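One-based numbering, in listed order, for ligands and for the atoms of each. Model, not experiment: these values are computed from the prediction.
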Amino acid sequence: MFKKSAILLLLYFSPFCLLGQNAKDQLMPIPQQITWGSQRFNIDQSFHVVLSDAPDSRAHKAVVRFLRRLNDRTHLMTRIDPVLKSGDVKGVSLDISYQRVGNLLPGEDESYELNVTGDRVTLSATTDIGVLYGLETFLQLVSSDNQGYFIPGVSIKDRPRFPWRGLLIDVCRHWSPIEVIKRNIDGMCMVKMNVLHLHLTEDQGFRIESKKLPKLHQMGSNGNFYTQDQMRGIILYASERGIRVVPEFDMPGHASSWMPGYPELASGPGPHQIERKFGVFDPTIDPTKKSTYKLLDCFLGEMAHLFPDPYMHIGGDENNGKQWDKNPRIQEFMRKHGIKDNHALQNHFNKKVMAILKKHGKKTIGWDEILQPGLPSDAVIQSWRGKEGLKDAATKGHQVILSNGFYIDLSQPTFQHYANDPLPASLGLTPDQQRMVLGGEATMWAELVTPETIDSRIWPRTAAIAERLWSDASVNDVLDMYQRLESISIRLEEVGLTHIRNRDMMLRRLAPGRDIEPLGKLVEVVEPLKEYKRHAQGIPYSTDMPFSRLPDIAVPDAPVARKFRLLCEQLVMKRDLSVKPEIKAMLQSWIENHEKLKVASSGIPALANWIKMSEELYKISSLGLECLDFMDRRQVITDEWTKQGATSIQNARRPFDEAELMVVDAINMLFNHALPK
Ligand code: ACM
């Protein structure tokens, strides 16, 4: 008893490190330099921001958003607009200054310094983009206790490790309306990401209005496309948050949606239609016709005006070449020009498209397939197939962006993405070659997502990718990352993201008027199948399918399942008996959940498989409890029990509805531990 209060006293009298520690758990990405101070800055009703800037400036608008978020969290009702330096308010709470408006270009100065003392906070930056990031860091530091709201004394000097910190959103396989894009832009800004890569054309849809070639979007999109005005709105919204918009027009493959409107582009005979299924399809742009380049010149020229970013992405991935092989005219062209294979023909195409882009003032980016002999060295390579592609590009003098390892559509756990350093020592790049690596992009391919589920595939895992791209390489403690991820995940909903809240909405839709808690409890320990396994379950996925089933409601890297696995590891590997009651309670709760879930699901056909999965969870949870019992009592274990246990575990490993139970390995660990050695 005495000891406990002595510790509490000690903590009470050294509040500074404690304050800093709590606030640190809310930071993501971790700043480059942090020095915790010894005071705290109290935030109360009188809090105000001082900034000399016009109301329509990027920094001013960011401060207004910042104060709204602060007030919504604290109910402090502080003054919502910044005060001009020459204004009438005495004293300063948050003093913001910067030297110039930042350019939205890779390599722009995005640094900021945030200094917090007992009586004021100063945020200074070279550019207003640094100010945006400093405001986000401030909001991450806001803490509270019985005395009120505050941020701990701290001095932060921060800047990104990589200049290119991107998120790709595929708006083609499944359409993402403007509000989806905007809320994700807000999420990106919160974690200091600066490139939104919009994958705008695909086999399944042509998603941007062309005024010059209107049949592209009219006949290639089922009506789901952004008008140019809407796109300008997205670009403005992004730029106000320090984010560039890089458009991708995928060619010559992944190009079915170009053909219904302009069949003369096609290498094959048709009929031409947009695809509803997923995979690699044959329709490929004809690289041998002059008319192809005339049309591309017209379209890309129009897009070059619409999108201000200096970079434009031409895709270039997964051209299967089948239509080129079958087309006698294309074969004759290759013979005549000494083009030895389809790679060389695509290279011929790429060089011509690059020249068009150059004429329109744009630099070319392409997936790593475009890296062929003779490709001009100013083409930027986006590496998706492996780290060798990254190395190959960098050693050949190309700037390169890493996406391999950042495929968030594959439902892999966060720690795998977190460990994916764009500059692993194993690649052996020289310092000059390392400088060619601009950064990375998380890729949200949209085969299996809709506006309801896309946020929960992007967030919170992308926050950890953002940290990998912003923070120092030495910031790599996985447990610490997961702790901070939990905190940022909740904050991400503040800007309208739906990655947590949509679960219950989807459950209510399935079971209206029922108790959805038991359904949620099952979902907490379920994840969608990973990598490409969902596609391998024999489901005829197409854009017409519902994406509101168990694997869609379940989220990747389910936090409760992860916690259970960690507790079991602690018990079995570290022999830490203190975690046993918590493990027991979790197992017990899953056992009790089964009956409740049956009641909640009865008479609802869409939930039939949920009952089966819950039954498997019930069985292995019962097994888990028995294992704990055996460990306690060192009871004799029968062969029959061992056999039945092994069967339960095997059964529980089977996927239901392309989703899997994520506590099976941990219970298997308890089982093996209980067995006689
Ligand atoms: C890709 O994933 N095909 C770039």
Undergrad: Between H174 (side chain only) and V449 (backbone N and O only), is there a donor and an acceptor less than 3.5 Å apart?
TA: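 Yes; at least one donor-acceptor contact below 3.5 Å.
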Undergrad: For the pair R173 and D170, find out whether any cationic side-chain nitrogen is under 4.0 Å from an anionic carboxylate oxygen.
TA: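 Salt bridge between R173 and D170, a charged N being under 4.0 Å from a carboxylate O: yes.
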Undergrad: Run through all N or O atoms in ligand 1 and write down each protein N or O closer than 3.5 Å, as a pair with its distance.
TA:
unit_1: ligand 1; atom_1: 2 (O); unit_2: Y407; atom_2: OH; d: 2.5
unit_1: ligand 1; atom_1: 3 (N); unit_2: D317; atom_2: OD2; d: 2.6
unit_1: ligand 1; atom_1: 3 (N); unit_2: E318; atom_2: OE1; d: 3.1

Undergrad: When you measure from the centre of the six-membered ring of Y541, is the NZ or CZ of R534 under 6.0 Å away and within 45° of the axis?
TA: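 No - R534 does not lie over the ring of Y541 by the 6.0 Å and 45° rule.
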Undergrad: Among R461, R183, R501, R503, which residue meets the salt bridge (Lys or Arg N to Asp or Glu O under 4.0 Å) test with D455?
TA: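 Among the candidates, only R183 passes.
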Undergrad: Do I181 and Y226 pass the side-chain contact (heavy atoms from CB on, under 4.5 Å) test, and can you show the C-alpha distance, the side-chain angles, and the key distance before you say yes or no?
TA: CA-CA 11 Å; I181 301 300; Y226 306 109; 3.5 Å; yes
Undergrad: Give the minimum heavy-atom separation between S176 and I454, together with the two atoms involved.
TA: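 The pair with the smallest heavy-atom distance is OG-CD1, 3.7 Å.
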